[in-house]
Amino acid sequence: MSKILEITDLKKHYPVTGGVLQRKIASVKALDGIDLNIQRGECLGLVGESGCGKTTTGKALVRLHRPTEGKIYYYASANQQDEFKTDIAQLHEGALKRKGIRAKFQMVFQDPTTSLNPRMLIKNIIAEPLKTQNSISARDLEARVLMLLSLVGLTKDHYLRYPHEFSGGQRQRIAVARAIATHPDFIVLDEPTSALDVSVQAQILNLLMELQQKLSLTFLFITHHLLVVKYISQRLAVMYLGKIVEVAPTASLFRNPLHPYTHALLSGIPVPDTASKARRIVLTGDVPSPLNPPKACRFHTRCPFVMDICREKEPVLEEVIPCHMVACHRKLEVEKLVMETFGHTSYEHADVL
Amino acid sequence: MATNKFHPRWREFKFTLHRIFRNPSAIIGFMLLFCFMAVAMLAPVIAPPKNQFNPYMMPHKGYSPTPKPPSEQNIFGTTSGQYDIFYGAVWGTRTAFKIGLFVVLIAGIVGISLGAIAGYYGGLLDEILMRLIDIMWAIPTLVLAMAIVVAFGRGLDKIMIALALVQWRWYVRVIRSEILTLRDQDFVHAAKLMGVSDFIIITRHILPNAIYPVLIMASMDMGSMVITAAFLSFVGLGAPKGYADWGQMVALARNYIVGPVDDPLRFWYTIVIPGACIILFVLAWNLIGDALRDAFDPKLRRR
Amino acid sequence: MTKLVQTIDLITNFYTYEGVVRALDKVNLTIEHGTTFGLVGESGCGKSVTVRSLLRIIQAPGKVEDGEVWFFQNAQQDTEGIELLSQNEKYMQALRGDSISMIFQEPNAALNPIMSIGDQVSESFLFHRKQEMCRQISDTLYSPDCQIFLPVKKLLQPLYRLAAKNTGAWLLKFLSRVPVFKYWDRLLKREALRRSVDIIAKLGISNAEEIVKSYPHNLSGGMKQRIVIAIALACHPVLLIADEATSNLDVTIQAQILELLRELRQKEISSVLLITHDLGVVAETCDRVGVMYAGQLCEVANVKDLFGNPKHPYTQALLHSVPRLSQKGPLQSIEGSVPNLVAPPRGCRFHPRCPHCKEICRKSFPMLVEIGNHHFVACYLWTNLSRD
């Protein structure tokens, strides 16, 4: 496997200004040092609660905003040579367009009702990225748009319509068609199914997996819905308050989570099954404000296994088992602690019917 | 789903029409407007001009200051200075449209472009533009209009320029606030991601979604600008004497609003006819504006 | 078990530009005392419209066309029912928030940003429990150990006695407009605030005294949802309706709220109607489940039966389309999309998407029939479709 993106120490701070002179008095640390590698062809799931910086990460990677600090290296080709890697973190709009980054990086947004311009026809919505990236004749354009529509399971009937004439699932298909129009390498999927219904969610997930195979895409799947991400992604990164606390292959994460927060997340999933009950780790309190995050380990205010060291020193993201990285001082004991307090540690087969 | 026989844009237009004409006041408004437009277009037929070179000058036979009641020759009578009221009312319609359209178009174009730039780019540019407009706001409309007329001389064109100069600031504010909310919509982000240029983002993605409040305001302004121009004409800053302008005609009738003691309503026609024209014209546009507001209400728009 | 709410052939239509949207078509729903009833379905299937119809809060283009809604407040017997659709608006106002209260999806929209939390919770007491509170205050005023300055006490005693008899007396209305005298209801407001602190504290918020002084923007999403629940629970409702109450919350906060609802079930409220699209939430919290599709109920059963042995093809498909922890192999999705309710399919509304569709399904709609153990299904083919 080769890397497609290498993110080191990515930070995004939003200044908070105050006073008469609008001086910067504080900053919201939406992202506070993210280190992450994304492999070519994989689907990496990024999970966490709202406000933890998932979407900010996604938008930074596709450069919808400029990160405050840090590097995002993009490997344009599969062979890992350093001369082909570009740091896209600080590039200007013009340079992004010139180097083709805008065509290679795309994003699918959460709510298809707001991500499609309500005053544009489907034909123009899908044609727009094509027209922007290269000059193309009208006939080719139409053929390509129709091809894209059929790729996402829509037909020629849908060509001349407005977005409001479609159901939520169909709109999301259109948004996907627009994202894959320019043959991108990397697509950020920002909660693409959370605005959709259960039955449609499955359609979209299957469509995305099919497209990933067919077009050899790399996905960053941002969600708070762990069951969805378990289904679609091979690797998972768990975020808490602007930091990554655990990265592991999906199976390994569900079988053997090593961070107490991951435990809480996994046990909090409502499972569509009546057999499994009363095994929930309920965290107390809310996510602290990113304006003034807790010192040292950020999770210590809500952690059931907090120790003195957690309040003093910040844990680093370290590899515990091959490919399984976690940032916690008690990473080796967590399994035992959870077993003692809650009586189980694995979420893999919790809902066997 | 709606019938697919027609082009979607036509279907969309039909839906908008349906929304507008569901409102009875819209029907009245558009009917009034239609009448005015017919009169304005057919003015040379309805009231053939006497003055070949400047048809806007009202014909008058004699200089007597006392108005004459309606008769065979002057079906609406004559006003002070023996100007024909009928001719003035007909050609005044054209003047009213001229004033309204010119002012709204100029103010709208200037306001929308400045507002779009300020709202979309934000930052220092926005700050400077907005402070400039704050200064503009500090000057009362009529004072500014009067100052311009006094400086450049009397005339309808001067009034129109003066009104356009004071009116654009409204449009800047409205369009800017609309754009500030649209700027962070996902479809704008999506367009940015595709590398669409700022100009196209503004013109294709933002403005079509932001234009409705402006349309509503423009239709209201069409009426209110005619009132303001009429006022300026009334105080003697507007059209030259004898120009077919409703405000001017009201001004001519100034001394005959109340007739002699024994018959106070004797000269009613001098004031009621041009006055009614102004009122109906403004009413038409306001009704239309109201109907548009209901039709374009974003909360109710989508079924 | 005794009935609490029963709808009979409820029909609700929305009159739009495109035509008449048949949002509810003959919904027969029965909720019993002491259960948590989950109403699941996709968006637009009529879950929310059902509860809005029974509370009579359907908005402008919508109208309840036909049907009956019976409400049996008394848990012991279900003879003295009240038909809600024929009551006047004043009766409904007194009922909403008192016997039946509702929690909405978006706590931000449910709370007024410029009123303090205490005032918002008190409002519910002041609206529904004024008379009772006045009686209580008048009792304390007449009791010998009341410590209020004597002349003030003498003045307040008759006022509160009057208020306890008739809260809308003209004298009280008049006094409320007179300067100085308008403060006669200070004791009442203080009592309402005290009750608010109590109810907030009951929901497991430790610093209730401080919370009542704060404003919605000071609180986090989970906390706001708790306050909304506190307002809903203020008057000890017989039925609490939660319309997607946890859908917008994070997993860990959702866990807190669900835990809270479960605790409350045991001591505070007897029945809950939970509207959600999340089957997981239903499985964890509900006793009985109703599945809706395109404006009709297609299956009602106890939660174990529904998840263990779903009979309706839609329920089966829905359960298959949810990713699970033990998911192996691809997810099965339901092909097609929800029908447009302006022109719903003839016959069974699910037939265009149903994998087992037979000729009869296209022609007439199956009625909801009981197939044993309080399990109701609206499908012609349920006997052939046991779980595979």
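Fair warning: this is a prediction, and the values are worked out from it, not measured in the lab.
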Novice: Among A/Thr182, A/Leu121, A/Leu130, A/Asp190, which residue forms the greatest number of heavy-atom pairs with chain B at distances under 4.5 Å?
Specialist: A/Leu121

Novice: Would you mind checking which part of A/Arg178 comes under 4.5 Å of any heavy atom in chain B, side chain (CB onward), backbone (N, CA, C, O), both or neither?
Specialist: side chain

Novice: Check each atom of A/Thr132 against the heavy atoms of chain B and say whether the ones under 4.5 Å are side chain, backbone, both or neither.
Specialist: side chain

Novice: So, does A/Gln90 use its side chain to make a donor-acceptor pair with the main chain of A/Pro67 at under 3.5 Å?
Specialist: yes

Novice: Could you pull out all residues at least two apart from B/Ala230 that satisfy side-chain contact (heavy atoms from CB on, under 4.5 Å)?
Specialist: B/Ile278

Novice: For the residue pair B/Phe281 and B/Phe97, categorise the inter-ring angle as parallel (less than 30°), tilted (30 to 60°) or perpendicular (more than 60°).
Specialist: perpendicular

Novice: For this output row, return yes or no: ring centroids of A/Phe186 and A/Tyr74 closer than 6.0 angstrom.
Specialist: no

Novice: A/Met120 versus chain B, heavy atoms under 4.5 Å apart: side chain, backbone, both or neither?
Specialist: side chain

Novice: Given that the side chain runs from C-beta out, which part of A/Leu64 has a heavy atom under 4.5 Å from chain B: side chain, backbone, both or neither?
Specialist: side chain

Novice: At a 4.5 Å cut-off on heavy atoms, which part of A/Thr114 comes close to chain B: side chain, backbone, both, or neither?
Specialist: both

Novice: Got a list of side-chain donor-acceptor pairs under 3.5 Å for residues 183-200 of chain B, not counting sequence neighbours?
Specialist:
from, atom 1, to, atom 2, distance (Å)
B/Arg183, NH1, B/Gly119, O, 3.0
B/Arg183, NH1, B/Tyr120, O, 3.4
B/Asp198, OD1, B/Tyr120, OH, 3.2
B/Asp198, OD2, B/Tyr121, OH, 3.3

